[in-house]
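Order of the sequence lines sets the chain letters (A, B, ...), proteins ahead of strands, with each chain counted from 1.
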Amino acid sequence: MCSKKGLYRFSDIEAKWQRFWQERKTFAAKDCDGSRPKYYVLDMFPYPSGQGLHVGHPEGYTASDIVARYKRMKGFNVLHPMGWDAFGLPAEQYAVKTGTAPKETTQKNVDNIRNQIKSLGFSYDWDREVNTTDPDYYRWTQWIFLKFFNSYFDEAEQKAGPIEQLPIPEDLSEAEKQEYIDGHRLAYEAEVPVNWCPDLGTVLANEEVVGGVSERGGHPVIRKPMRQWMLRITKYAERLLDDLALVDWPESIKKLQTDWIGKSIGADVDFKVAGFDESIRVFTTRPDTLFGATYMVLSPEHPLVDKITTPDNKKAVQRYRAEAARKSDLDRTDLAKEKTGEPLGAYAINPVNNEKIPIWISDYVLISYGTGAIMAVPAHDERDFEFATKFALPIVPVVEPPDPEQAELVRQVKICFVGDGTAINSGQFDDQSTAEFKENITNWLAQRNQGQKSVNYKLRDWLFSRQRYWGEPFPILHTQDGRVIGLSEDDLPLRLPEIEDYKPLGTGQPPLANAADWVNVTSADGSKEKRETNTMPQWAGSCWYYLRYLDPQNTDKSWDPEKEKYWMPVDLYIGGAEHAVLHLLYSRFWHKLLYDLGYVSTKEPFAKLINQGMILGEDGQKMSKSRGNVVNPDKVIADYGADSMRLYEMFMGPLEAIKPWSMQGVEGVDRFLMKVWRAVIDETTGELDEAVQDARADEATLRLLNQTIKKVGDDIETFGFNTAISAMMIFINHLGRQTIRPRSAIEQLVLILAPFAPHIAEELWQRLGHADSLTYEPWPQYDKELIKEKEIELAVQVNGKIKDRIVVPADATEEYIETQALASEPVKAALAGRNPKKVIVVKSRLVNIVV
RNA sequence: GGCCGAGUGGCGGAAUGGCAGACGCUGGGGACUUAAAAUCCCCUGCCCGAAAUGGGCGUGUGGGUUCGAAUCCCACCUCGGCUACCA
């Protein structure tokens with residue numbers, strides 16, 4: 001048995017450096033250090049699930065860690081924190097099943113996932129760890145909720161202000177005044193339809209409802225209005241849209257958010273109801289098609305339905321409404337391929353031509369968008385066309401398409417045309433272009449008090465309460481006379497009570513209603529109140545965690561304003577694209593409220609955003625337990641070490657691309673690291689290899705080294721980690737062949753490798769004779785002169801086909817290159833005596849001779 | 001249906017107007033070894049050819065722009081992701 005002293009034992013060495021970093025607090029960020037520029041690099045913090053990490057997590061975390069370590073070497077004061085988004089359904093479901101308190105389950109999972117993350121050697125400042133379920137954390141989530149509750153939105157200023165400053169109309173009674181104030185709070189209560197499952201006695205999230213039945217157990221689910229907390233995000237729609245211009249995010253993500261907000265500009269138009277002193281207001285983006293409105297549709301929930309339905313139609317309409325109520329959102333959209341509806345028997349008057357048009361109800365009109373009613377223009381709207389065709393309603397074309405063929409089909413009512421064109425069948429507006437017509441008709445309606453310009457958003461107010469135990473309790477009391485009051489900030493945190501039974505009550509009441517001692521409160525003045533028993537959704541804690549990292553131990557304030565000014569905004573935010581809309585939109589919304597109230601200094605929280613791509617299984621399919629293709633990161637680390645794991649995750653391909661895992665690929669990068677090791681350490685003795693000498697590198701080595709330093713630095717700046725690694729591989733392949741490996745070259749290689757594979761780099765750095773960690777060593781500088789090649793090889797093409805290659809001095813003139821190219825024998829042969837029409841010389845690339 | 005992204009060797013990928021296939025994997029051959037592993041060296045897009053510092057083809061398909069296109073433009077096909085009647 002010959003045991004080699006110098007073999008690289010990754011498990012010992014990785015543990016050694018992880019301990020070193022932890023003990024020395026190597027990565028502690030220094031607040032308000034004016035001597036260095038700051039850099040805040042943030043990962044989307046994980047939900048600590050019982051499954052632990054999957055290989056997708058370390059992908060983003062490794063990328064951000066490389067940037068963090070690189071920036072430190074570039075002289076930045078780096079803030080790189082980590083924490084836990086630990087409220088959520090799984091721990092609660094586990095509690096229902098086993099009786100284990102969610103707090104315990106969560107603690108266990110957090111400890112596990114923290115160990116997993118630590119085993120990868122990320123350079124987090126662990127003193128700043130946060131946990132959304134910690135009362136010292138959710139105290140401030142509740143504090144921000146109170147800010148919403150105690151604020152209103154000033155339309156003129158387009159910003160939030162304290163509710164005390166809300167201008168209140170005069171002549172209101174005390175009760176009306178209170179109602180007015182409550183109606184303007186940015187956090188408010190409303191009756192909202194939720195997914196109610198009678199058999200389970202609980203409310204379900206949208207994703208827990210599949211095809212109209214509960215995902216678990218397959219029980220029927222109906223829509224039922226319940227009292228819910230809402231946040232008035234719609235007030236911020238315009239700013240959330242506009243301020244996307246301020247951030248450096250992928251265009252695709254900006255577009256997703258823009259579409260989600262869904263701004264559309266059009267007009268509100270009032271239609272009188274024949275025989276009633278009522279009118280129906282509709283929103284349309286195509287007021288220019290008003291002459292083609294041949295019927296109207298109200299949503300089944302529209303308040304006027306009962307009033308205007310004729311007795312003959314009442315029965316059928318009621319049946320239709322009941323059916324619609326039973327359908328979930330999914331049923332109403334996904335399954336409703338065939339349009340349905342009922343006529344009310346009532347008629348409306350089209351304001352432009354005074355024609356009587358029938359009024360219908362149908363569930364393709366949503367109560368929650370616009371006014372919950374539409375004018376139907378079947379000739380120019382796909383949905384209306386489908387509906388009119390099915391129920392044989394009249395179709396009148398009013399827009400002539402520019403294409404004559406299409407125009408003919410539209411005139412014959414064969415097709416539906418939704419584009420812009422020229423007005424027909426529209427009285428005095430005939431021959432106007434769509435754009436002109438829109439403008440003119442809107443003014444025409446406004447003059448007659450029958451309509452006006454209007455803007456609508458798809459974005460809805462945010463349903464902010466859940467009928468769950470494991471979430472932040474609302475700092476809210478309900479008085480006996482039905483008022484709602486916010487707790488004083490001094491009474492925070494309002495702690496979650498420990499309860500015995502996590503099951504829902506079966507009445508739709510959340511589990512917290514079980515905790516009578518907690519729910520019933522007697523105030524100092526003897527009055528009795530009840531606590532709110534809903535809890536906040538999982539998004540709440542993640543909306544502002546990036547701010548708590550700035551000052552995580554502060555017991556007086558959510559964060560110190562000085563620290564906020566120093567660190568914000570987040571310079572780089574890395575996470576999965578699945579959070580493209582909700583998490584990022586909600587965070588931006590909270591941030592804007594905090595900005596309006598003066599608690600943060602930037603309009604936007606995240607200056608730059610990058611999404612890491614999904615990692616697929618070795619079979620190229622999405623990883624899943626059922627497919628059996630899940631790669632366990634713990635196993636990879638145990639077999640190859642953290643450095644190889646990190647390196648492979650980055651070498652797989654571009655960060656943002658979707659790419660399949662390959663164990664053989666891991667072996668490839670592992671081999672590379674061993675090559676680096678053997679270039680420095682003699683495997684037999686464990687000492688520095690004899691080839692490592694204090695010598696000057698030869699010209700070729702020096703040139704390649706400087707090229708590599710440049711390439712790796714440039715690639716980190718542009719997140720091209722895969723090509724950075726490839727450059728280092730090329731360099732070590734060269735260096736390994738040298739009989740003398742200059743110490744200076746080795747040291748610089750170790751430094752640029754360090755952000756990628758920090759454990760082996762620290763170990764080599766130490767063995768090269770350095771006492772301290774390389775974390776704050778300056779990033780190697782490359783020499784521009786040394787990079788330049790002396791001679792370059794150019795391809796010579798004749799009519800685009802390569803005929804020869806020539807070698808010329810790097811500083812050769814175009815004339816010289818042209819002469820050399822024309823002197824080449826293969827080129828002469830290819831020219832066959834013809835005279836070149838044109839010679840294109842691309843310096844340092846090629847020569848193309850055109851004949 | 002809509003939107004977004006992607007199609008390059010046996011595989012992951014590189015090159016974003018200038019020598020296609022860097023780097024890694026796989027496969028083949030050789031060196032070292034009693035043998036194996038590890039390591040090192042050479043080859044590895046396809047077709048023709050005994051070979052050539054021979055020729056031809058080649059970046060999903062079809063067209064176009066250009067001296068020159070994987071890269072830009074137009075049309076289409078395939079795959080993946082997100083989304084779903086928003087008037």
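Distance CD1 (A:Ile361) to P (B:C85): 18 Å, rounded to an integer number of Å. For A:Asp619 and B:G80, the CG to P distance is 13 Å, given to the nearest whole Å. Whole-Å rounding puts the A:Glu59 CD to B:G12 P distance at 16 Å. Summarising the geometry, the separation between CD on A:Gln797 and C1' on B:G17 is reported as 12 Å, rounded to the nearest angstrom. Atom P of nucleotide B:C82 and atom CD of A:Glu251 are separated by 21 Å, given to the nearest angstrom. Between the CD1 atom of A:Ile253 and the P atom of B:G5 there is a distance of 11 Å, given to the nearest Å. One atom, NZ of A:Lys801, and another, P of B:A20, lie 10 Å apart when rounded to the nearest Å. Atom pair A:Phe721:CZ and B:A22:P shows a separation of 24 Å (rounding to whole Å applied).
Distance from the side chain of A:Asn733 is smallest to B:C23 among B:C67, B:G12, B:C23. Closest to the side chain of A:Thr285, out of B:C85, B:A15, B:A87, is B:A87. Proximity note for A:Ile730 (side chain, C-beta onward) versus B:A22, B:C25, B:A87: the nearest is B:A22. Side-chain atoms of A:Met729 lie closest to B:G24 of the nucleotides B:G18, B:A14, B:G24. If you check B:C67, B:C3, B:G12 against the side chain of A:Pro660, the one that comes closest is B:G12.
At a threshold of 4.0 angstrom between heavy atoms, the contacts of A:Ser368 with the nucleic acid are absent. Looking at heavy-atom distances under 4.0 Å, A:Glu667 makes no contact with the nucleic acid at all. Among the atoms of the strands shown, base atoms are found under 4.0 Å from some heavy atom of A:Ile840. At the heavy-atom level, A:Ser662 lies nowhere under 4.0 Å from the strands shown. Within the 4.0 angstrom heavy-atom criterion, no nucleotide atom of any strand lies near A:Asp384. Base engagement by A:Lys458 is indicated by at least one non-hydrogen atom pair under 4.0 Å involving a base atom. Residue contacts for A:Leu846: at a heavy-atom cut-off of 4.0 Å it reaches a base atom on one of the strands shown.
Aromatic ring pairs are classed by plane angle as parallel below 30°, tilted from 30° to 60° and perpendicular above 60°; the pair A:Trp539 and A:His579 is perpendicular. The aromatic rings of A:Tyr586 and A:Trp462 sit parallel to each other, their planes meeting at less than 30°, with 60° as the upper class boundary.
Nearest-nucleotide assignment on RNA chain B puts the 5′-proximal partner with A:Ile658, out of A:Gln664 and A:Ile658. Nearest-nucleotide assignment on RNA chain B puts the 5′-proximal partner with A:Ala795, out of A:Ala795 and A:Gly800.
Comparing B:G1 with B:C67, their C1' atoms sit 45 Å apart, to the nearest whole Å. Nucleotides B:G10 and B:A22, compared at atom P, are 14 Å apart to the nearest Å. Separating the P atom of B:A14 from that of B:A6 is a span of 12 Å, rounded to the nearest Å. Taking atom P in both B:G7 and B:G55, one finds a spacing of 31 Å when rounded to whole Å. Between the C1' atoms of B:G21 and B:C11, the separation comes to 13 Å (whole Å). With C1' as the reference atom, B:A50 and B:A35 are 37 Å apart, rounded to whole Å. Separating the P atom of B:G17 from that of B:A31 is a span of 47 Å, rounded to the nearest Å. B:G9 and B:C25 have their C1' atoms separated by 13 Å, given to the nearest Å.
Panel note: side chain A:Glu618, backbone A:Met663; a donor-acceptor pair is recorded below 3.5 Å. Using modelled atom types, one side-chain atom of A:Tyr295 and one backbone atom of A:Asp384 make a donor-acceptor pair closer than 3.5 Å. Checking side-chain atoms of A:Asp381 against main-chain N and O of A:Val418 turns up no donor-acceptor pair under 3.5 Å. Listed for the A:Trp677 side chain is a donor-acceptor partner under 3.5 Å among the backbone atoms of A:Gly6. In this structure, A:Gln738 contributes its side chain and A:His734 its backbone to a donor-acceptor pair below 3.5 Å.
Judged by atom type and distance alone, A:Lys255 does not reach the base of B:C3 through any side-chain donor-acceptor pair under 3.5 Å.
Taking side-chain N and O atoms only, A:Ser252 has no distance below 4.0 Å to OP1 or OP2 of B:C3. For A:Asn722 and B:A14, the shortest distance from a side-chain N or O to OP1 or OP2 is below 4.0 Å. Checking the phosphate oxygens (OP1, OP2) of B:U66, no side-chain nitrogen or oxygen of A:Asn848 falls inside 4.0 Å.
Within the 4.5 Å cutoff, no side-chain heavy atoms of A:Ile792 are placed close to those of A:Val807.
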Under 3.5 Å, which donor-acceptor pairs do the side chains of residues 646-656 of chain A form with other protein atoms, sequence neighbours left out?
unit_1: A:Arg646; atom_1: NE; unit_2: A:Phe756; atom_2: O; d: 3.0
unit_1: A:Arg646; atom_1: NH1; unit_2: A:Asp65; atom_2: OD2; d: 3.0
unit_1: A:Arg646; atom_1: NH1; unit_2: A:Leu120; atom_2: O; d: 3.2
unit_1: A:Arg646; atom_1: NH1; unit_2: A:Gly121; atom_2: O; d: 3.3
unit_1: A:Arg646; atom_1: NH2; unit_2: A:Asp65; atom_2: OD2; d: 2.9
unit_1: A:Arg646; atom_1: NH2; unit_2: A:Pro755; atom_2: O; d: 2.8
unit_1: A:Tyr648; atom_1: OH; unit_2: A:Ser662; atom_2: N; d: 3.0
unit_1: A:Glu649; atom_1: OE1; unit_2: A:Glu59; atom_2: N; d: 3.2

Which pairs would a plain distance check flag for residues 450-459 of chain A, meaning a side-chain donor or acceptor within less than 3.5 Å of a matching protein atom at least two apart in sequence or in another chain?
unit_1: A:Ser454; atom_1: OG; unit_2: A:Asp268; atom_2: OD1; d: 3.3
unit_1: A:Ser454; atom_1: OG; unit_2: A:Asp268; atom_2: OD2; d: 3.3
unit_1: A:Tyr457; atom_1: OH; unit_2: A:Glu238; atom_2: OE1; d: 2.2

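Heavy-atom contacts from other residues, nucleotides or ligands closer than 6.0 Å to CD of A:Glu690 number 12 or fewer.
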What's touching nucleotides 36-40 of chain B from the protein side, N or O pairs under 3.5 Å?
unit_1: B:U39; atom_1: O3'; unit_2: A:Arg678; atom_2: NH2; d: 3.4

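Glycosidic conformation, B:G13: anti, with the torsion outside 90° of 0.
Less than 4.0 Å separates RNA chain B from at least one heavy atom of each of the following residues of residues 645-657 of chain A: A:Phe651, A:Met652, A:Pro654.
With sequence neighbours excluded, the residues that form a salt bridge (charged side-chain N to carboxylate O under 4.0 Å, His left out) with A:Arg741 are A:Asp689.
In this model, a donor atom of one side chain and an acceptor atom of the other lie less than 3.5 Å apart for A:Asn733 and A:Lys675.
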Which nucleotides of RNA chain B pair, in dot-bracket form (Watson-Crick or G-U under 3.5 Å, | meaning another strand):
(((((((..(((.....[....))).(((((.......))))).((((.....))))..(((((..]....))))))))))))....
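A salt bridge links A:Glu789 with A:Arg703: the distance from a Lys NZ or Arg NE/NH1/NH2 to an Asp or Glu carboxylate oxygen falls below 4.0 Å. Electrostatic pairing of A:Glu667 and A:Arg671 counts as a salt bridge here, judged by a charged N lying under 4.0 Å from a carboxylate O.
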